[in-house]
There are 2 protein chains.
Amino acid sequence: MSPASSAATIEEVAAAAGVSRSTVSRVVNGSPAVSPAAVAAVNDAIARLNYVPNRAARTLASRTTNAIALVVPEDPTRFFGDPFFATIVGGIYRRLAETPYVLNVFLASDDSGEKATAYLRGGNVDGALIVSHHARDGFVARIADAVPVVFAGRPTQPEIAQRAHYVDVDNVLGGRLGAGSLIDAGRTRIATIAGPADMPPGIDRLIGFEAALSDAGLEAAGIAVGDFSEASGAAAMRELLASGREIDAVFAANDLMARGAMSVLSETGRSVPADISVVGFDDSVIATQVTPRPTSVRQPSFEQGELMVEVLLGLIAEEAPERVTIVDPELVVRDSVAR
Amino acid sequence: MSPASSAATIEEVAAAAGVSRSTVSRVVNGSPAVSPAAVAAVNDAIARLNYVPNRAARTLASRTTNAIALVVPEDPTRFFGDPFFATIVGGIYRRLAETPYVLNVFLASDDSGEKATAYLRGGNVDGALIVSHHARDGFVARIADAVPVVFAGRPTQPEIAQRAHYVDVDNVLGGRLGAGSLIDAGRTRIATIAGPADMPPGIDRLIGFEAALSDAGLEAAGIAVGDFSEASGAAAMRELLASGREIDAVFAANDLMARGAMSVLSETGRSVPADISVVGFDDSVIATQVTPRPTSVRQPSFEQGELMVEVLLGLIAEEAPERVTIVDPELVVRDSVAR
DNA sequence: TTGTAAGCGTTATCAA
DNA sequence: TTGATAACGCTTACAA
């Protein structure tokens, strides 16, 4: 109430309630072994004094922080610009809201993770969630041997992926779904704008794409590589067009690149889907902001976020949760495929 | 190094270096009053033992956390979907990267801020930055009497705004700039899609808009109100068109609404800017993703974020920084105005 | 059911 | 320049 009312301590609450520190602690932590009378007195004192437990003291004494870190090795522009992050973080927050845990967010691109690493190793969180498009960053390894860690997606480095806990989308299936929808629509000259070759989603979606084509007796009408940004999608589309090969469909490894591709298509006077079908990946809000609205492979990112928290909580509780959790993508059909 | 190497303590470092706890503490905190020999021995021991100071202990003893909170009373979708947040948070991170502070992010819409409030009042941060489109949320008041607080934008509630520290954009000037560009282009039947009447940016931009029109001897050709979302911009545009009044220009209080308006214009066969000029606000990435690219009033949000940190650090250091900091918007001219 | 007392890992005060 | 020695606010055996 009063402007600078420095928080009351447990000691003061105990005095006000006429009990000992321990009893206050028990009440605060919901121990059943307290008499109703004591509970009432303590709660009353807590309310009167506006008491909030000091977290540092609690952490120090209990060796647990009730905080988990969300580490994102990306710069803010990237982090905020990509709807994938929005959705997965939404799932993380949702699941976390049911727990006493708070989330500490680290956008760790700038300082190469030094500050984040020191923070995590300083015993400030009980665990960490790592979300990135390129988890190649070396410092994640140092985080992982300080606290339990769960990754969004299979980590890039094999030696980490083999031991790490992660929640991944079946990207190979996703690639198959994307290509499959194009094949089913009767397209035969199908190109792809793939993600980077050093990133599992990039790799896996391409594998799925090629597998689906191969199953159908087709061959890719072109493979261009982007970096998941809109500009790279546009550049890749230009490259595909410039190759001279005939193309009647494009599968882009994410919606941002699909959008870049679609603007190039539109600029060069090609109609979607009449001339060229386009399928994206992510089913992000982007997919509803473009005309025609692109068919897209939906990743259950929200669910992925929730599951990451689930696994991490299991890890923290030492319940030995499944090391690898896979969620299935699904095709969301819109207007950019059918002839 | 070893998998579960529970962090070394200052005690162990002291033993390894053959000095006392105090000396280690001095070295870690950069005190000048330590002999070079001791410094060397301690640093060596720190490196060998891989020592990282325990933050909880430090916080408890020093009564300072080296952490600040970013409180955003919005749901994740909103937070991540609006480029304004991306930019301002970018500025915040940038300025913070130069300091030892870490940032704790609270997306506090879900639990009505209970968890966030308890966290902040539990002495876990040295200060808080509050960023939102609608800072009407009552709990900010409770935060403000626990730790120093800096707001992005003038708080909605007058009794808070009168005493709070904030960094605001001159929205009245922004409204003037937007309307002015339309007037300068020779438009005379200018409508506006305003922001909510209970939010300072909504109010101020409308005031600026009307002032500019009035100065030019004009009257608004229609005022529709949106909520800063794209859908609301579209609805407002339909409303304006349905009013039957002739309109040759629209000033939207943000880019998202401008985009919504532009799609309606396009759907109804109107050409921008030939038939109707459009000016947005924010100069967000959105402004470069639409065709034609809309002229927009640029808010220096990145700078605003940096300044917020600046002011908060001043507050924490008890340097009595300026209570109100105003940054000026500027017009970014693109293709959506000129006839 | 309650209280006592011993930490948790730092910083900070004071002497030396 | 260094080292004891109290805090810091809480949890948690252990006793009662």
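Sequence lines set the chain letters: A, B, ... in the order given, protein chains first and strands last, and positions in each chain run from 1. Side chains are part of it too, since the values below use all heavy atoms of this structure and drop only hydrogens, waters and symmetry mates.
- Looking at residues two or more places apart in sequence or on another chain, you find a side-chain hydrogen bond (donor to acceptor under 3.5 Å, both in side chains) between B:E310 and B:R95.
- Applying the salt bridge (Lys or Arg N to Asp or Glu O under 4.0 Å) test to residues at least two apart or on different chains, none of the pairs has a partner in residues 27-40 of chain B.
- Within the structure, the salt bridge (Lys or Arg N to Asp or Glu O under 4.0 Å) test picks out the following pairs touching residues 45-60 of chain A (sequence neighbours left out): A:D44-A:R48.
- Every residue meeting the side-chain hydrogen bond (donor to acceptor under 3.5 Å, both in side chains) condition with A:S25, not counting sequence neighbours, appears here in chain and number order: A:N29.
- Sorted by residue number, the members of residues 24-39 of chain A with any non-hydrogen atom under 4.0 Å from DNA chain D read A:S25, A:R26, A:N29.
- Remark: B:E11 pairs with B:R21 by the side-chain hydrogen bond (donor to acceptor under 3.5 Å, both in side chains) rule, at least two apart or across chains.
- First and last contacts of DNA chain D with chain B, using any nucleotide atom under 4.0 Å from a protein heavy atom and ordered 5' to 3', fall at D:dT1 to D:dG9.
- Under the rule for a ring-ring contact (aromatic ring centres under 6.0 Å, His included), the partners of B:Y119 that lie at least two apart in sequence or sit in another chain are B:F106.
- Under the rule for a side-chain contact (heavy atoms from CB on, under 4.5 Å), the partners of A:S35 that lie at least two apart in sequence or sit in another chain are A:A37, A:A38.
- Summary of helix geometry: the two end axes of the helix from C:dT1-D:dA16 to C:dA16-D:dT1, each defined by five base pairs via their C1' atoms, are inclined to each other by 30° (rounded to 10°).
- Using a 4.0 Å heavy-atom distance criterion, A:R21 is classed as a base contact.
- Checked against side-chain contact (heavy atoms from CB on, under 4.5 Å), B:V327 has the following partners two or more places apart in sequence or in another chain: B:V169, B:P300, B:E303, B:L307.
- Contacts of B:S22 with the nucleic acid, taken as non-hydrogen atoms under 4.0 Å apart, include base atoms.
- In terms of the side-chain hydrogen bond (donor to acceptor under 3.5 Å, both in side chains) criterion, A:N43 has no residue partners (sequence neighbours excluded).
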